[in-house]
*Asks:* 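Before anything else, here's the structure in question.
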Amino acid sequence: MPSRFVIASAGAGKTTTLVGDALEAAEANRTVLILTYTRNNQVEVIKKIREVKGHIPDKIRVKGWFSFLLEEIIRPYQRCFFDQRISNVQFDVSDPHKRDRYSIPGRAEIIGGRVNSRHYLVNGKAHTTYISKLAVKICQKRKQGRGRAATYDPIQRLSAIYDLIIIDEVQDLVGWDFSLIELILSSCPVELLCVGDFRQTIYQTSHATKNPRASLQKKQWFLDKNFECIDENHSYRCIQMICNLADLVHANEAYKPTVSRAAPVPDGLDDHVGAFSVREEDFPAYMDRYNPIILRWDVRARPDLCSGHVCQNFGESKGSTYDRVLILPTTSIRQFLLGNFGPIRSSEKALNKLYVAITRARYSVAFLTNDASRLDNLPIWHPAENGDL
């Protein structure tokens, strides 16, 4: 079966899809490995399997990306480079070999013709920035097994254990992660299913500079490797008006329009649906009437307004669903609302966070701004017009 890549719009039910594939494979007596980067998503996958099946089948394993690299590839073969057992990973908040943008001496990959442990490890832990690179190098090195005629390598080991590998949130992978996937593609008969949405790239596994890093580079990578690309351009979460607004964010990137498959708006919530602008003077009335969750860039955004209300940062809201959302816009989001898309599109991170924020809402999304939006179907909300005097 060809390797598949599913591009799933926000609210498309990608977790349901991949869990369905995993359970179907397990029922056919195939062993499945589900990989995902964030711990929250691992919990979500396990929760969904239990909802559907009632338990985790023996044929299904769920692991984090770093745990997979360390346990399935690096540790069994690390002695081809290092004698000391690698105990865990060292989470890097930046490139560990740079200080004030300058390279730290003694961190080169090869010193004196030998692999330098300080390039990959610190205190017996693998740097997350370079752990995928280490996995790739070990796969390329291979290891002589016991017996004169026996040779083993990590990719062969994977194919001996698993029949299907599912990589969720594939948009979070970068650089050397893709080099490892390429090795699996070229050397391993295991079936590969990758699922994700580049419009929701908020976190990344590594700070390394190896490509692909940008979303368009990653999307092209899958096309170049002849994956069967499946576009799940629908949302079971958002009503059509919210889907239309979210599509504007990446309108220059040739994504298919998102089609809403959301259930009808329930009674009691159908009095306020769609997208709106809310002036600051009307903020108290709007909050009193609709009680939306407030989404903000980070904790520094308008503490005077956030106090006493339920708030969440854009990035932290990823994976969540709310009936109503009110967004505190950044400067570039204000420009977006005014029809100037240049500032928001100059930063992929800002662009994706806006998409994530908009698509958290089922029925209504509002922006707190005193400027009249120039986007279609984004009217100013007035308390008097909605029965609040």
*Asks:* Quick one: list whatever passes side-chain hydrogen bond (donor to acceptor under 3.5 Å, both in side chains) with Asp270, sequence neighbours left out.
*Replies:* none
*Asks:* Is Ile380 reachable from Phe367 through a run of I, L, V, M, F, W or Y residues, each pair having side-chain heavy atoms under 4.5 Å apart?
*Replies:* no
*Asks:* About how many Å separate CG of Leu326 and CZ of Phe276, when rounded to the nearest 0.5 Å?
*Replies:* 11.5 Å
*Asks:* Are any non-hydrogen side-chain atoms of Cys229 and Leu223 less than 4.5 angstrom apart?
*Replies:* yes
*Asks:* Is any side-chain heavy atom of Thr129 closer than 4.5 Å to one of Trp176?
*Replies:* no
*Asks:* How long is the gap from OG1 on Thr330 to CD on Gln335, to the nearest 0.5 Å?
*Replies:* 10.0 Å
*Asks:* When you check the gap from the basic side-chain N to the acidic O, do Glu191 and Arg30 get nearer than 4.0 Å?
*Replies:* yes
*Asks:* Check whether any side-chain heavy atom of Val259 lies under 4.5 Å from a side-chain heavy atom of Pro257, and answer yes or no.
*Replies:* no
*Asks:* Do Leu354 and Val278 share a hydrophobic cluster, counting only Ile, Leu, Val, Met, Phe, Trp and Tyr and linking them when any side-chain heavy atoms are less than 4.5 Å apart?
*Replies:* no
*Asks:* Taking side-chain contact (heavy atoms from CB on, under 4.5 Å) as the criterion, tell me which of Asp168, Ile165, Val45 meets it with Leu35.
*Replies:* Ile165
*Asks:* Output yes when a side-chain donor or acceptor of Asp247 lies under 3.5 Å from a complementary backbone atom of Thr258, and no otherwise.
*Replies:* yes
*Asks:* Can the positive tip of Arg199 be found less than 6.0 Å from the middle of the six-membered ring of Tyr255, inside 45° of the ring normal?
*Replies:* yes
*Asks:* Is the closest side-chain heavy-atom distance between Phe82 and Val115 below 4.5 Å?
*Replies:* yes
*Asks:* What are the two closest non-hydrogen atoms of Val190 and Tyr162, and how far apart are they?
*Replies:* CG2-O, 3.4 Å
*Asks:* Linking I/L/V/M/F/W/Y whenever their side-chain heavy atoms sit closer than 4.5 Å, directly or via other members, would Leu134 and Ile110 fall into one cluster?
*Replies:* yes
*Asks:* Identify, with sequence neighbours excluded, every residue that meets salt bridge (charged side-chain N to carboxylate O under 4.0 Å, His left out) alongside Asp177.
*Replies:* none
*Asks:* Can we call the ring centroids of Phe91 and His127 under 6.0 Å apart?
*Replies:* no
*Asks:* Indicate the atoms forming the closest heavy-atom contact of Pro329 with Ile333, along with that distance.
*Replies:* CB-CG2, 3.5 Å
*Asks:* For Cys311 and Cys306, work out which heavy atoms get closest and say how close.
*Replies:* SG-CB, 3.3 Å
*Asks:* Taking atom types as modelled and ignoring hydrogens, do the side chains of Gln204 and Tyr37 form a donor-acceptor contact shorter than 3.5 angstrom?
*Replies:* no
*Asks:* Are Leu183 and Val174 co-members of a hydrophobic cluster defined by side-chain heavy atoms under 4.5 Å apart?
*Replies:* no
*Asks:* Short question: side chain of Arg213, backbone of Thr209 - any donor-acceptor pair under 3.5 Å?
*Replies:* yes
*Asks:* Return yes if a side-chain donor-acceptor contact under 3.5 Å exists between Glu44 and Asn41, otherwise no.
*Replies:* no
*Asks:* Could you pull out the closest heavy-atom pair between Val265 and Ile239, with the gap in Å?
*Replies:* CG2-CG2, 4.0 Å
*Asks:* Any link between Val325 and Ile294 through a network of hydrophobic side chains (Ile, Leu, Val, Met, Phe, Trp, Tyr) touching at under 4.5 Å?
*Replies:* no
*Asks:* Between the side chains of Arg4 and Asp21, is the shortest nitrogen-to-carboxylate-oxygen separation below 4.0 Å, so that they form an ion pair?
*Replies:* yes
*Asks:* Please tell me if the side chains of Tyr355 and Ser9 come closer than 4.5 Å, counting only heavy atoms from C-beta onward.
*Replies:* yes
*Asks:* Do the ring planes of His119 and His97 sit parallel (below 30°), tilted (30 to 60°) or perpendicular (above 60°)?
*Replies:* tilted
*Asks:* Please verify the inter-ring angle class for Phe227 with Trp221; under 30° counts as parallel, over 60° as perpendicular, anything in between as tilted.
*Replies:* tilted
*Asks:* Given 3.5 Å as the limit, does a donor-acceptor pair link the side chain of Lys218 with the main chain of Gln171, or not?
*Replies:* yes
*Asks:* Consider only side-chain N and O atoms of Asn291 and Arg324, and report whether a donor and an acceptor are under 3.5 Å apart.
*Replies:* no
*Asks:* Determine whether the side chains of Tyr236 and Arg261 contain a donor N or O and an acceptor N or O closer than 3.5 Å.
*Replies:* yes
*Asks:* For the side chain of Arg157 and the backbone of Glu72, is there at least one donor-acceptor N/O pair under 3.5 Å apart?
*Replies:* yes
*Asks:* Would the distance check show the side chain of Gln78 and the main-chain N or O of Ile86 forming a donor-acceptor pair, the cut-off being under 3.5 Å?
*Replies:* yes
*Asks:* Starting from the C-alpha separation in whole Å, work towards a yes-or-no answer on ring-ring contact (aromatic ring centres under 6.0 Å, His included) for His250 and Phe341.
*Replies:* CA-CA 10 Å; His250 295 87; Phe341 297 171; over 10 Å; no
*Asks:* Where do Ile202 and Asp172 come nearest, in terms of heavy atoms and distance?
*Replies:* N-OD1, 4.5 Å
*Asks:* Hey, can you pull the donor-acceptor pairs under 3.5 Å for the side chains in residues 50-58, sequence neighbours left out?
*Replies:*
residue : atom : partner : partner atom : Å
Glu51   : OE1  : Lys48   : NZ           : 3.4

*Asks:* State, without any angle test, whether Ser317 and Arg360 hold a side-chain donor-acceptor pair at a distance under 3.5 Å.
*Replies:* no
*Asks:* Any donor-acceptor pair under 3.5 Å linking the side-chain atoms of Ser215 with those of Glu348?
*Replies:* yes
*Asks:* Which heavy atom of Ala357 sits nearest a heavy atom of Leu295, and at what distance?
*Replies:* O-CD1, 3.6 Å
*Asks:* Closer than 3.5 angstrom, by distance alone: can the side chain of Thr359 be matched with the main-chain N or O of Val356 as a donor-acceptor pair?
*Replies:* yes
*Asks:* Assert yes or no for the condition that the ring centre distance of Tyr363 to His272 is strictly below 6.0 Å.
*Replies:* no
*Asks:* Look only at the side chain of Tyr203 and the backbone of Gly315, and say whether a donor-acceptor pair between them is shorter than 3.5 Å.
*Replies:* yes
*Asks:* Kindly compute the distance separating NZ (Lys125) from CG (Asn123), expressed to the nearest 0.5 Å.
*Replies:* 7.5 Å
*Asks:* Aromatic contact between Phe5 and Phe198, with the criterion being ring centroids under 6.0 Å apart: yes or no?
*Replies:* yes
*Asks:* Just checking Lys47: does its NZ atom have more than 12 heavy atoms from other residues, nucleotides or ligands closer to it than 6.0 angstrom?
*Replies:* no
*Asks:* Ignoring hydrogens and geometry beyond distance, is a side-chain donor-acceptor pair present between Tyr120 and Glu109 at under 3.5 Å?
*Replies:* yes
*Asks:* Do Val170 and Ile167 come close enough that some side-chain heavy atom pair is under 4.5 Å?
*Replies:* yes
*Asks:* May I ask you to decide whether Lys14 forms a salt bridge with Glu232, counting only side-chain N to carboxylate O separations under 4.0 Å?
*Replies:* no
*Asks:* Checking the side chain of Ser235 only, and the main-chain atoms of Ala10 only, is there a donor and an acceptor separated by less than 3.5 Å?
*Replies:* yes
*Asks:* Within this structure, what is the OH-OG distance for the pair Tyr322 and Ser364, rounded to the nearest 0.5 Å?
*Replies:* 14.0 Å
*Asks:* Is it the case that atom CG in Asp100 sees more than 12 heavy atoms from other parts of the structure closer than 6.0 Å?
*Replies:* no
*Asks:* Do Leu180 and Trp65 touch side chain to side chain, with heavy atoms closer than 4.5 Å?
*Replies:* yes
*Asks:* Take a 6.0 Å sphere around CD of Glu24 and say whether it holds more than 12 heavy atoms from other residues, nucleotides or ligands.
*Replies:* no
*Asks:* Exactly one of Thr17, Ile166, Val32 should register a side-chain contact (heavy atoms from CB on, under 4.5 Å) with Leu193. Which one does?
*Replies:* Ile166
*Asks:* Does Asp163 reach the main-chain N or O of Thr31 with its side chain, forming a donor-acceptor pair under 3.5 Å?
*Replies:* yes
*Asks:* Tell me, do Thr205 and Phe66 make a side-chain contact under 4.5 Å, heavy atoms counted?
*Replies:* yes
*Asks:* Under 3.5 Å, is there a donor on one side chain and an acceptor on the other for Thr369 and Arg334?
*Replies:* no
*Asks:* Any side-chain to backbone donor/acceptor pair from Asn370 onto Glu280? Under 3.5 Å, distance only.
*Replies:* yes
*Asks:* If you apply the rule side chain to side chain donor-acceptor pair (under 3.5 Å), what do you find for Asn116 with Arg107, and how did you get there?
*Replies:* CA-CA 7 Å; Asn116 176 23; Arg107 302 292 180 86; over 6 Å; no
